[in-house]
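First up is the structure itself, then whatever we jot down about it.
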Amino acid sequence: MSQSVERALGILPLLAKGPAGLGEVAGELGVHKSTALRLLRTLHERGFVYRQADGRYRLGARLFALAAEAVENLDVREIAHPHLRALNKATGHTVHLALLQDDEVVYVDKVDSRYPVRMYSRIGKPVPLTVAAVAKLLLADLPEGERRSLAERIDYPRYTARSTPDAAAFLRELDLVRKQGWAADLGGHEESINCLGAPVYGPDGRVVAALSVSAPSVVVSAEGLVELLPLVRAAAAAVSRDYSGSPEPEPEPEPGQGPGPEPGAGPEQVREHVQEEDS
């Protein structure tokens, strides 16, 4: 029975490439045509494959319906929460999860710091788009035209001297985030708060959420916070795997260019980047 299941499952990736005839299916599975036909008939009866008028088979409507239903019922907050708690336990700092909703990025989960000095944030509250690490991650994944359009229609409040000043600077920052695969807010919203974030990927390789670790500078310096970047990226990768239902790590970001550290950079390289921003 397990061999039959394995063979039946082997048909689906073949048909995902396009319609195939009985001979092609048998050849792909390495079985006799009669065996392939039995498998195809069973899948056809269940709606997972469809037999066309020309005798070839393609994926069936039932398969697409199940996939759509599964995606609709995925709750990234529920999936991510254990990983957020684990990251909070490992670092002691505030951990957030955020989603993009229209033109807003909203916190959907939070695990508070164990330290007496905590940052003020609230689940359901929109974050400042032009400075927050989670916002940069989610907006950087938008298609280029959408990124540019959004950058040109939003405001650029000067929260601090480090706040993003205008659309051109914001687009450069988003481009850097796409390349390096992580984002930071080093005093851009509040002088005394620093934040590091990493993306959560869905099955299609697109960013579906972003998680971050934030801490006041009186608790840990910016340099100390960047030491946690490997933990933040590992937590995001774990959420990505659970959300996508795949043992594979999240898609590798594009090779880094420009002033940011390369993808996978260690604390030393990231610290150099922080020091450059301070200068």
Side-chain angles (χ1 to χ4, degrees), residues 1-83 97-103 106 108-109 137-147 149-150 178 181 199-211 236-254:
M1 179 61 70
S2 61
Q3 186 180 51
S4 296
V5 172
E6 184 175 356
R7 286 172 174 170
L9 292 174
I11 294 173
L12 302 181
L14 172 64
L15 300 187
K17 300 175 183 177
L22 177 60
E24 294 176 82
V25 174
E28 176 72 16
L29 299 181
V31 299
H32 194 273
K33 285 185 179 181
S34 62
T35 301
L37 182 59
R38 286 197 302 272
L39 295 171
L40 286 165
R41 282 177 173 170
T42 300
L43 291 172
H44 177 74
E45 291 170 2
R46 297 286 185 174
F48 293 114
V49 305
Y50 178 77
R51 187 175 186 272
Q52 300 180 156
D54 62 4
R56 294 186 301 165
Y57 293 85
R58 60 175 171 82
L59 295 179
R62 179 60 177 158
L63 188 63
F64 296 118
L66 285 175
E69 184 179 359
V71 171
E72 183 178 344
N73 289 322
L74 277 177
D75 184 349
V76 67
R77 180 184 181 277
E78 180 180 353
I79 293 169
H81 189 71
H83 298 288
L97 184 74
L99 300 179
L100 176 63
Q101 298 177 349
D102 298 322
D103 278 359
V106 178
V108 295
D109 201 2
L137 289 160
L138 289 160
L139 300 180
D141 191 61
L142 293 174
E144 183 178 0
E146 292 184 34
R147 290 201 311 273
S149 175
L150 183 142
R178 285 175 66 88
V200 173
Y201 294 97
D204 59 356
R206 297 296 303 275
V207 176
V208 297
L211 64 80
V239 178
S240 299
R241 288 193 294 272
D242 283 357
Y243 184 79
S244 301
S246 169
E248 297 299 321
E250 83 277 14
E252 287 293 326
E254 301 171 23

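Of the possible polar contacts, none joining the Ser149 side chain to the Gly145 backbone as a donor-acceptor pair under 3.5 Å is found. Under a 3.5 Å cut-off, the side chain of Glu24 and the backbone N or O of Gly21 do form a donor-acceptor pair.
The two residues Ala98 and Leu138 come nearest to each other via the heavy atoms O-CD1, 3.8 Å. What you find for Tyr243 and Pro203 is that their closest heavy atoms are CE2-CD, 4.0 Å. When all heavy atoms of Arg51 and His44 are compared, the closest pair comes out as N-ND1, 3.5 Å. Of all the heavy atoms in Ser4 and Leu39, the pair that sits closest is O-CD2, 3.8 Å. The heavy-atom pair separating Leu63 from Phe48 by the smallest distance is CD1-CD2, 4.0 Å. In plain terms, the two heavy atoms of Leu59 and Ala16 that are nearest each other are CD1-CA, 3.8 Å.
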> Stepwise, does the side-chain contact (heavy atoms from CB on, under 4.5 Å) test hold for Leu211 with His83?
Replying inline: CA-CA 10 Å; Leu211 64 80; His83 298 288; 5.8 Å; no
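Taking Gln52 as the reference, Pro19, Tyr50, Asp54, Arg56, Arg58 meet the side-chain contact (heavy atoms from CB on, under 4.5 Å) condition, with sequence neighbours excluded.
The line from CD1 of Ile11 to CG of Leu40 is 4.5 Å long, rounded to the nearest 0.5 Å. Here CG of Asp141 is found 9.5 Å from CG of Leu100. Values are rounded to the nearest 0.5 Å. Rounded to the nearest 0.5 Å, atoms CG (Leu29) and CD (Gln3) are 10.5 Å apart. Between atom CD1 of residue Ile79 and atom CZ of residue Arg241 there is a gap of 13.5 Å, rounded to the nearest 0.5 Å. Going from atom NE2 of His81 over to atom CG of Asp75 covers 11.5 Å, rounded to the nearest 0.5 Å. Rounding to the nearest 0.5 angstrom, the gap separating the CG atom in Asp109 from the CZ atom in Arg77 is 4.0 Å.
Tyr201 places a side-chain heavy atom less than 4.5 Å from the side chain of Val207.
Of the listed residues (Val208, Leu137, Val239), just one forms a side-chain contact (heavy atoms from CB on, under 4.5 Å) with Pro199, and that residue is Leu137.
The 12-atom threshold is not exceeded at CD of Glu78, counting heavy atoms of other residues, nucleotides or ligands nearer than 6.0 Å.
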